[in-house]
Amino acid sequence: MPSIDVCFSPELLHLYDLKGKAVVAVDILRATSTMVTAFAQGAANIIPVMHLEDCQRLAAAEGCLTAAERDGIKADGFDFGNSPFSYMEADVEGKTIAITTTNGTRAIILSESAEEIIIGSFLNLKTVAEHLAALQLDVIVVCAGWKGMFNLEDTLFAGALAEQLQGQFTLENDAALAALHLYETAKGDLYAYLQASSHVQRLKRLDITKDVQFCLQHNEYDVLPVWDNGKLVDLKVNQSVA
Ligand code: 3SL
């Protein structure tokens, strides 16, 4: 039976061997929830990059849209910040978006040695779980955290995924057990549970509570963004075309 494990921060990735494994990269607030939303609105590709300049270079070279966030705030001169709602207000159908965020895009790029990288969020939790059950690879949930530190919301997602996969995957390490226990404690009202958490507090100071509520909804979208040679594509769309 395959296993599921959790890496609480990209800074801990050196302790994990990702080769031959499936990584679920997660930044609930808000990068991976926003990417899932962009695909649900019809985006064709998302290119995660580390730096603001990489984003600008891609826009100049390939004419793609750009999204950039630092410390919760939209960076000047880019098309989007990091709110899922911005992709509902714009027409992104068939478009490519180059994106850089404080932690989320970093977690994805640093997972590059994995067999497969899947973009996870509560919004596409069931779709991700079904895909992993079919894939039958060992799974590492890579939490984006905040500047190398642990955070609650990504850990809660890891616990939700572990709960979905219970009976089909083993939970061999305490990180996965802790995430599962935390989710079981909090799942009755994730929004209330997260009120004191550092990033919810940070987003509140920026008046971004609407995004928090949105990103905690379960199974809103049936999209499956996966890493494909330096960009993310929605496997659901590609499967239905094939
Ligand atoms: O850290 C990140 O990648 C972002 O998701 C943070 S924020 O929610 O946009 O502030």
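Note that the coordinates shown come from a computational prediction; the quantities given were computed from them, not determined experimentally. Both counts, for ligands and for their atoms, begin at 1 and track the order of listing. Positions are given from 1, in the same order as the sequence printed here.
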Protein residue, atom and distance nearest to [atom], heavy-atom basis:
| atom | answer |
| --- | --- |
| atom 9 (O) of ligand 1 | N82 ND2, 2.7 Å |
| atom 6 (C) of ligand 1 | E69 OE2, 3.5 Å |
| atom 7 (S) of ligand 1 | H199 NE2, 3.4 Å |
| atom 2 (C) of ligand 1 | D27 OD2, 2.9 Å |
| atom 5 (O) of ligand 1 | R30 N, 2.7 Å |
| atom 1 (O) of ligand 1 | N103 ND2, 2.6 Å |

In terms of side-chain heavy atoms, does [X] have a donor or acceptor partner in [Y] at a distance below 3.5 Å?
| X | Y | result |
| --- | --- | --- |
| N124 | T127 | no |
| N173 | D5 | yes |
| T101 | N82 | no |
| Q56 | H51 | no |

Query raised in the report: Any N or O on T105 sitting closer than 3.5 Å to an N or O of ligand 1?
Result: no
Worksheet entry | Polar contact flag for L203 and ligand 1 (N/O pairs, less than 3.5 Å) | no
Closer than 4.0 Å to some heavy atom of [X] - which atoms of ligand 1 meet that?
| X | result |
| --- | --- |
| G72 | 10 (O) |
| W146 | 1 (O), 6 (C) |
| A31 | 3 (O), 5 (O) |
| T101 | 2 (C), 3 (O) |

task = Report yes or no: is the cationic atom of K210 (NZ for Lys, CZ for Arg) under 6.0 Å from the centre of the six-membered ring of F85, at an angle within 45° of the ring normal?
result = yes
Separation between OG (S111) and CD1 (I117), nearest 0.5 Å, reads 5.0 Å
field: Side-chain heavy-atom pair L123, T37 within 4.5 angstrom cut-off
entry: yes
Exercise. Evaluate the ring planes of H218 and F122, with Trp represented by its six-membered ring, and classify them as parallel (under 30°), tilted (30 to 60°) or perpendicular (over 60°).
Key: parallel
